[in-house]
2 protein chains.
Amino acid sequence: MTDKADGQTMISDEEKRLESQLCFAVYSAAHAFNRAYKPILDRVGLTYPQYLVMLVLWEKGCLSVKTIGEKLDLDSGTLSPLLKRLEQAGLIGRARDPKDERQVIISLTEKGAGMKCQVGVIMDAIGQATGCDMAEMANLRDQLQKLKVNLAAE
Amino acid sequence: MTDKADGQTMISDEEKRLESQLCFAVYSAAHAFNRAYKPILDRVGLTYPQYLVMLVLWEKGCLSVKTIGEKLDLDSGTLSPLLKRLEQAGLIGRARDPKDERQVIISLTEKGAGMKCQVGVIMDAIGQATGCDMAEMANLRDQLQKLKVNLAAE
DNA sequence: AAAATACATATTGTGCACGATTAAATCGTG
DNA sequence: CACGATTTAATCGTGCACAATATGTATTTT
């Protein structure tokens with residue numbers, strides 16, 4: 001970028017092209033992940049966003065709706081019906097926190113916790129599909145996190 | 001990865017963690033882009049996917065629905081209603097190709113073409129928000145494209 | 001203690017994404 | 001020419017994402 005006299009920043013046409021290519025690449029890669037996971041997740045009856053919720057629950061055990069929303073950048077309008085379906089599928093339980101009844105605590109059922117084992121199989125399949133080694137994956141993860149933080153700071 | 005005697009491939013726990021972190025990072029960065037663009041696109045009355053469609057039209061002038069779908073990895077079930085809204089907004093025109101009436105050709109109206117100028121303003125705002133220089137953007141774009149191709153090849 | 005405020009979640013409505021199905025047009029081959 | 005296969009869009013149903021709104025609960029203030 002080149003600074004103009006008035007302190008504003010000029011953006012070249014190449015930069016504009018690059019930026020549109022980047023935002024499309026991110027959009028497109030997210031779709032590609034979704035599609036790659038779909039046939040495998042279908043077998044265990046999960047959608048991709050549901051799988052992401054299960055991932056954080058397998059990690060932490062039980063969490064409030066709000067905390068899940070913070071980890072996944074989703075609001076309650078998205079999570080409420082999604083969690084309702086996971087509850088109907090018998091994978092999670094929902095209960096008001098006795099300490100603070102505004103909060104709903106999401107916990108894994110035995111069935112939901114047991115499903116974690118099946119995930120190893122899922123990841124084996126996808127991990128190979130990425131065609132990335134560990135260093136590449138870590139590098140990409142870090143760059144994307146940095147990008148996300150910058151965009152969120154706005 | 002370490003090869004087992006039976007020819008299958010073992011994936012370590014660290015790799016599984018990395019992979020889930022990567023697919024979440026992609027998912028999350030896509031949301032971040034979407035949110036960053038939203039307030040600006042609201043002013044010109046476009047959603048983010050609509051903006052991506054307009055991007056390829058500004059690039060190419062006019063395209064068939066199928067071609068747009070290939071560029072954006074979207075099928076007609078997604079594009080048809082989206083294009084219908086762009087048509088109602090007076091930004092594009094839709095007409096059957098006289099050469100092959102199976103195809104619908106999408107073209108920019110004067111209003112739609114004129115909107116391209118406003119996009120420079122949008123990109124100025126977002127480009128700075130990414131906090132990436134050109135080399136970083138290009139690198140990230142290439143890595144994501146490679147990832148996408150690998151996942152699609154499956 | 002009562003009112004005001006802030007917070008947590010649910011509800012509703014719109015738009016996107018995708019699979020499955022349908023319908024119409026084209027093409028290939030006999 | 002005719003028949004079947006393929007291509008291209010549109011339509012329908014389900015689920016995600018989000019804004020706006022509503023409801024109810026806890027905290028703070030008076």
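No hydrogens, no waters, no symmetry mates; every other heavy atom, side chains included, goes into these values. In what follows, every chain begins at residue 1, and chains take the letters A, B, ... in the order their sequences are listed.
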Practice task
Take the protein atom CG of Leu82(B) and the nucleotide atom P of dA17(D), then report the distance between them rounded to whole Å.
Solution key: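 Rounded to whole Å, this separation is 18 Å.
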
Handout entry: Salt-bridge present (Lys99(B), Asp97(B); N to O < 4.0 Å)
Key =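 No, this pair does not count.
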
It should be established whether [X] places a side-chain nitrogen or oxygen under 4.0 Å from OP1 or OP2 of nucleotide [N].
| X | N | result |
| --- | --- | --- |
| Lys84(A) | dT11(C) | yes |
| Arg94(A) | dA10(C) | yes |
| Thr47(B) | dC16(C) | yes |
| Tyr51(B) | dC16(C) | no |
| Tyr48(B) | dA17(C) | no |
| Ser76(B) | dT8(D) | no |
| Gln50(B) | dC16(C) | yes |
| Arg96(B) | dT26(C) | no |

Exercise for the section: Between Gly77(B) and Glu70(B), name the one whose nearest nucleotide on DNA chain D is closer to the 5' end. Expected result: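 Going by which nucleotide is closer to the 5' end, it is Glu70(B).
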
Exercise for the section: Ignoring hydrogens and angles, tell me if any N or O in the side chain of Lys111(B) forms a donor-acceptor pair with the backbone of Ala89(B) under 3.5 Å. Expected result: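 Yes, because the side chain of Lys111(B) sits within donor-acceptor range (under 3.5 Å) of the backbone of Ala89(B).
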
Practice task
Answer yes or no: is there a donor N or O on one side and an acceptor on the other, between the side chain of Ser64(A) and the main chain of Thr67(A), under 3.5 Å?
Solution key: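 The answer is yes, because a donor-acceptor pair under 3.5 Å joins these two groups.
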
Practice task
Would you check if Tyr51(A) and Tyr37(A) make a side-chain contact, meaning some heavy-atom pair closer than 4.5 Å?
Solution key: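 Yes, close enough: below the 4.5 Å cut-off.
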
Practice task
For dT26(C), give its Watson-Crick or G-U wobble partner with both distances under 3.5 Å, or none.
Solution key: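 Base partner found: dA5(D).
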
Practice task
Have a look at Asp42(B) and say if it touches a base, only the backbone sugar-phosphate, or nothing, with a 4.0 Å heavy-atom cut-off.
Solution key: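 The answer is nothing, as Asp42(B) stays clear of every strand by at least 4.0 Å.
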
